[in-house]
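Excluded from the calculations below are hydrogen atoms, water molecules and symmetry mates; all remaining heavy atoms, backbone and side chain alike, are included. In this text, all values refer to a predicted model and were calculated from it rather than measured experimentally.
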Amino acid sequence: MEYIDIFDENNNPIGEIKEKTKAHEDGNFHRTAHVWIINDNNELLLQKRSATKKTHPNCWDISGAGHIRAGESVTEGAIRELKEELGVEATEKDLDYIATIKSTKNSKNMEFGYVYLLRCNKKIADYIFEDEEVSEVKYVYYEDLEKMVEDKAEGLLLHDEEFKKLFKYIRNKLRGDKNL
């Protein structure tokens, strides 16, 4: 069982801890980390969710993401999820913060998603999927991914607000620094 901290609608802790499934059933706000991996070719890593995932099986999604456990900081959770899902070792200083997005579209998944970018040049074959949440990964040039989002490509999970902030962040970084 995984326990998570509960927050109010303004992202303030309310001092309550719940089992993750119960928090979803009750529509409680909680925190998640969404880490986008980008390489030196400005390609973003997409993960294909395992066929056994309860939600959105076999869909292409964020490089690494997950719930923040009770008592864990957002960056600790982000680093843990990268290790669990992809075998990627990172530190807090490796993560570039992009935004915090309040998601209320699904009353059973009310969350504050902390979005980060991580520079990583691993080859596809070097990613390790130990927890069976991920079935494969691929790199997609960020402008090609932007087009896929615009076209609502089949099999791609759409995170509209997050994608807008991600692409804007990347473009702004590229204008100022060719190597993010």
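Of all heavy-atom pairs between T32 and G113, the closest is OG1-CA, 3.3 Å. Taking each heavy atom of E132 and T52 in turn, the nearest pair found is O-OG1, 3.9 Å. Residues P57 and A51 approach most closely at CB-O, 3.5 Å, considering heavy atoms. For the residue pair F7 and H30, the shortest heavy atom distance occurs at CD1-CA, 4.0 Å. Taking both residues in full, the closest heavy atoms of V140 and M148 are given as CG1-SD, 4.0 Å, listed atom of the first, atom of the second, then distance. Heavy-atom minimum distance, Y3 versus E19: CD2-N, 3.4 Å.
Looking at K108, its side chain does come within 3.5 Å of a backbone N or O of E25 through a donor-acceptor pair. Side-chain atoms of K102 come within 3.5 Å of backbone atoms of E9 as a donor-acceptor pair (strictly under, hydrogens ignored). Side-chain N or O atoms of K122 include none that pairs as donor or acceptor with a backbone N or O of L86 at under 3.5 Å. Formation of a donor-acceptor pair under 3.5 Å by the H34 side chain with backbone atoms of Y116 is not found in this model. When atom types are taken as modelled, the side chain of S103 and the backbone of E111 share no donor-acceptor pair closer than 3.5 angstrom. A distance-only check finds a donor-acceptor pair linking the side chain of D8 to the backbone of N10 [under 3.5 Å]. D26 places no side-chain N or O within donor-acceptor distance of the main-chain N or O of N28, the cut-off being under 3.5 Å. The backbone N or O of N121 lies less than 3.5 Å from no partner atom in the side chain of D40, so there is not a single donor-acceptor pair.
Clustering ILVMFWY residues whenever any of their side-chain heavy atoms sit less than 4.5 angstrom apart, transitively, puts Y97 in the very cluster that holds I68. In terms of hydrophobic clustering, with Ile, Leu, Val, Met, Phe, Trp and Tyr side chains grouped at heavy-atom distances under 4.5 Å, V74 and V35 are assigned to a common cluster. No continuous path of ILVMFWY side-chain contacts below 4.5 Å connects V137 to L46, so the two sit in separate hydrophobic clusters. V149 is connected to L44 through a chain of hydrophobic side-chain contacts under 4.5 Å among Ile, Leu, Val, Met, Phe, Trp and Tyr, so both are in one cluster. Residues Y114 and L45 share a hydrophobic cluster, clusters being chains of Ile/Leu/Val/Met/Phe/Trp/Tyr side chains in contact below 4.5 Å.
Proximity of H159 to D61: side-chain heavy atoms (C-beta onward) are separated by under 4.5 Å at one or more points.
Within a 6.0 Å sphere centred on CD of E92, heavy atoms belonging to other residues, nucleotides or ligands number 12 at most. In K165, the NZ atom is not crowded: 12 or fewer heavy atoms of neighbouring residues, nucleotides or ligands sit closer than 6.0 Å.
Between the CG atom in D96 and the CZ atom in R119 there is a gap of 9.0 Å [rounded to 0.5 Å]. Between the CD1 atom in I37 and the CG atom in D94 there is a gap of 11.0 Å [rounded to 0.5 Å]. Here Y127 contributes atom OH and Y139 contributes atom OH; the two are 2.5 Å apart, rounded to the nearest 0.5 Å. With rounding to the nearest 0.5 angstrom, the CZ atom of F29 is 12.5 Å from the CD1 atom of I4. How far CD of E43 is from OH of Y141: 9.0 Å, rounded to the nearest 0.5 Å. For the atom pair OG (S63) and CG (L117), the distance works out to 8.5 Å, reported to the nearest 0.5 Å.
Under the 3.5 Å distance criterion, with hydrogens and angles disregarded, no donor-acceptor pair is assigned to the side chains of H67 and E2. Between the side chains of R49 and T55, at least one donor N or O lies within less than 3.5 Å of an accepting N or O.
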Checking ring pair (Phe, Tyr, Trp, His ring centres under 6.0 Å) for the pair F163/W36: CA distance, chi angles, key distance, verdict? CA-CA 10 Å; F163 278 126; W36 290 94; 5.5 Å; yes
Give the intermediate values and the outcome of side-chain contact (heavy atoms from CB on, under 4.5 Å) for residues I62 and Q47. CA-CA 6 Å; I62 300 161; Q47 68 156 265; 5.9 Å; no
Could you give me the CA-CA distance, side-chain angles and deciding distance for E161 and K105, then say whether salt bridge (charged side-chain N to carboxylate O under 4.0 Å, His left out) is met? CA-CA 12 Å; E161 185 178 355; K105 287 182 281 188; over 6 Å; no
Does the pair L158 and K152 meet the rule for a side-chain contact (heavy atoms from CB on, under 4.5 Å), with working shown? CA-CA 7 Å; L158 296 176; K152 297 185 182 340; 3.7 Å; yes
